[in-house]
Structure formats: structure tokens, C-alpha cells
There are 2 protein chains.
Amino acid sequence: MASASVEDYLKAIYLLQTARTPATTRGLADGLGVRMASVTGMVKQLHAAGYVRHERYRGVQLTAKGRRLALRVLRRHRIIELFLSKVLGLPWDEVHEDAEALEHAASDRVIERLNTLLGSPAFDPHGAPIPHGDGTISPLNGRLLSDCEVGHRGRILCVSDKDPAFLRYLAGIGIRIGLRFRLVDKAPFDGPLAIHAGRKKIVLGHPAATRVLVSPP
Amino acid sequence: MASASVEDYLKAIYLLQTARTPATTRGLADGLGVRMASVTGMVKQLHAAGYVRHERYRGVQLTAKGRRLALRVLRRHRIIELFLSKVLGLPWDEVHEDAEALEHAASDRVIERLNTLLGSPAFDPHGAPIPHGDGTISPLNGRLLSDCEVGHRGRILCVSDKDPAFLRYLAGIGIRIGLRFRLVDKAPFDGPLAIHAGRKKIVLGHPAATRVLVSPP
DNA sequence: TTCCAAAATTAGGCTTGCCTAACTTCGTCG
DNA sequence: CGACGAAGTTAGGCAAGCCTAATTTTGGAA
């Protein structure tokens, strides 16, 4: 059985790769809240266990085995988030932390029962797809808000679950949204954005905006 | 925050004390599946943290602080067991292990929501009382089957949750039960017992029987 | 092209909680 | 009483995962 740490690292690597950012030592250290030296150490272990490929001074890449485990962890995480939100009635913007702890303690049996109880849902409370039991996952075909042109309209498909205040700010999944202008009109992918979300006008700092997927036009 | 290990030790000490057996190094080592030396080491830590009193070569005793934490852990454990059994539909004799893992990962908030979902239940699936949120617990006024005289009749009030096969064997909480005879008629509290439980005739080895509480006549 | 800051790695250390092996204490039985 | 086996403790070690400090590599800017 993989340790909770190993599971956390694989999940973090998967999430970075999925965001089309290479899984660097720096990125993992920031994402996991540990020092870079700790990441280097754990990466060696993950490599030895066959979970990742690693080229010194380059990032890491999940092997098929690593990806499989990462998706299993992500499945647990997202099913638990949905359970906490839908069944226990916890606010959708506050379930991440609890899920983070429970995902390492819940057995496959418990997870599959929760999945049944929830009706084999396709998405978690933040719009992220729930990996299937067979180790596959359906892609989201939205665009990053930060990649969109000014004037783009759509609906919020998916947001990061890491920051409760940010989640409350965006109001919800499925909300109509429009990109009004970029407050800093420099490079296309830099600086804050102004949007309409529902009836509110919102200004998003870039790091937040990169974590918003909107539906295609 | 106390570690999962600390919580497990305190829970084990509490359970031993409640069974009116002194919490010895041996008893804790057996109950927790570790070596005696490990128990001695951890007991030092528990003492330093103010959870237990300890006299060398005698057992340990919970302080008020230790008892409070033990009851919090036990509350988590029993609420989770009931949830797994009643809401997820896991067999009542198989929920112990999953609860053991989840009790260290579930936040107070999650536990209180589960408690509400379950209707603030008084007993777990094995008939054990669920400690209250305020750190108190209602006593069970039953007798240990192994303490009863031949001929005693009553209902199963509570059984240990540690051994699934044993649980299935006993059929359930509330079942009528009668002590027929002791297979070894030596000292009153020794050797296997023969009982009627429901329609079945059952032979209990002593260690199992000591974990059965029956209602008074 | 060189240089420098950021990224990455190595070396070495700390904590937790477990282990084995060796020793001490306890309590029971002859 | 005395001895012996079980219970308990101490000493020393190990693995996981984190840390800091020192060193190496990289890649972009002057």
C-alpha cells in the first residue's frame, strides 16, 4: 500500500501535468507545502517504485502505474468532496480540506458505496470530472479563462477547489460568465481579468483565473 | 493535535479500564499489535503530555485529559461505524476496520454532521454506547456473559467489534440468549460456555464470551 | 559569451514510532 | 526462602519524511 505522502505526491504531479504545466520540483514543493529538498528525496522514491520517470534537473512524468494510482486517489478525493457537500451539507467551498484527509483513510469498499449512494456522479462540487473506477477519466472540453479573448462568453465549468474564498466569490458551477477586459493589457496570459459572473462584476488576479475553466462559445 | 498513534493508545487504555482490567503494558501491546517495548516508549510520551499516570512496573491510568480525548476518539469510531453500517449498508460485522482508519481522519465538523444525519444515535452497531459530544458517556447496565450463572437468560446488549466471524456467529444485538452450561466447570470465569442464542446452540470460548454483555434478568 | 539568480540536488540531521536484544522487577510455586 | 518465568524497562537501531545548509546545474540577460 502506498503511503499517504506518496499518494499526495502522485496526485500533485497529475494535477500539474493536467494543467499542462510540467511537474517541476518547485511546482511540487509549492503545491504540497514542503521544501524542494523534500521533493527531490521523494521523487527518488517514486522513481524507484516505478511511479514516475525522472531526468535530473528536469521535471518528473507519471508512468502508467503512477497515473493509475493518481487517478485512484483523485477518484477518492472527488467522491468524498461530493459526499461531504451533497449528503452532509457542508458548504461546497469548504470540503477540500476534509476530503484531503479522508481520501487516504477510506477503503475502496467505502468509496464504491459512497459512489453508489451518490448515483455514480460524473462531477465533483467544483465541476471537476470524477475518474472512473477502471482508471480512466473523461476530459473537460472547456478553456482556461486566462486563455480566453476579451469578449468571450460561456459558463463556469470547473474551478480549483483549493481556495474557499475564491470559490464563494465565483458563486457556482454553471454560472454565465463573460470576460470584459484585461486590467493589464500586456502579454495575453498575464495580469488580472475583469469578468461578469451572473450579475456580478468580478476582478480575477491571474493565478486565480488560471484555475477557471469555461465552456466553449 | 494528537497523532493517530496517541489516539489509538488512549482508546485502548480506555477500553481496558472500562472492561475493569488494568491497562498493563502487556494488555496494550496485545491490543494494539505492537511490542511491549513500544508501549513502554509511548507511555512515557503519554505521561509527558499529561494523558496518563504511570507507576513503573504497574499499569497506566488515564487522567481527565486522557479520558476526554479517548472518549472523543471513541465517539468518532462509533459514529463512523454506525454510518458505515446504516447509511452505506456495510455488514455490521465488518465495519470496525474501516472505522479504525477513518476515525483519525474525520474532522469534528464531519463527525457532528454524521451524528445529525444518523439522528444523534445512542448506540453503535454492536450495542456500545456512543460517547456524547460533551465528553460524557452513558454506562451500559448489563453483565458480562462470562460472569453469569448457568441458567441465566437475557438479551445480547453489546458485543466486541473486533472479530467479524464472532459477530456473525452471535447473530445480532437484542437476540435472546441463555447460558446453558459451562463446558469446563472449574472456576466460575474460566473455560468455554454453551448458550442458546435465538434458536441456535452456541459454544463460546472464554475470551470471546468475556466480550458479551447481556441484559439483567 | 559570460555571469547570475533561480532551480535542483546532495549531505547530514531531526522526529515519530516501531523493532530486537539485553537487562531488571515481580510474583508465584516448590 | 529462592528461583524461575512472565512482565516490564532500557539501550540501541531502523525507516519514513521532513528540515537546513551547502553545492551544482540551468537558462536568461547583459
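Predicted model only: the values in this text are computed from it and were never measured.
Between the side chains of B:D124 and B:H77, no donor N or O sits under 3.5 Å from an acceptor N or O. The closest side-chain donor-acceptor pair between A:H132 and A:S138 falls under 3.5 angstrom.
By the 4.0 Å N-to-carboxylate-O rule, B:E112 lies close enough to B:R75 to be salt-bridged with it. Comment: B:E100 engages B:K11 in a salt bridge, judged by a side-chain N to carboxylate O separation of less than 4.0 angstrom. Salt-bridge formation is not detected for the pair B:R72/B:E7: no Lys NZ or Arg NE/NH1/NH2 atom is positioned less than 4.0 Å from an Asp or Glu carboxylate oxygen.
A centroid separation of less than 6.0 Å is found between the aromatic rings of A:F83 and B:F83. You'll find the ring centres of B:H96 and B:H126 outside the 6.0 Å limit.
Between A:Y9 and A:V34, the shortest heavy-atom distance links the atoms OH-CG2, 3.6 Å. Residue A:V110 comes nearest to A:A106 through the heavy atom pair CG1-CB, 4.3 Å, listed as atom of the first residue, atom of the second, then distance.
Within a 6.0 Å radius of NE2 in B:H47, no more than 12 heavy atoms belonging to other residues, nucleotides or ligands are found.
Sorted by residue number, the members of residues 50-62 of chain B with any non-hydrogen atom under 4.0 Å from DNA chain D read B:H54, B:R56, B:Y57.
With a cutoff of under 4.0 Å to any heavy atom of chain B, the contacted region of DNA chain D is bounded 5' to 3' by D:dA7 to D:dT10.
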How would nucleotides 17-22 of chain C be written as a contact map, 5' to 3', with B for base contact, S for sugar-phosphate-only contact and - for no contact, using protein heavy atoms under 4.0 Å? SSBBB-

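At whole-Å resolution of the value, CE in B:M1 and C1' in C:dT16 are 16 Å apart. Between the CG atom of A:D30 and the C1' atom of C:dA7 there is a distance of 11 Å, rounded to whole Å.
Contacts of A:T25 with the nucleic acid, taken as non-hydrogen atoms under 4.0 Å apart, involve only primed sugar atoms and P, OP1 or OP2.
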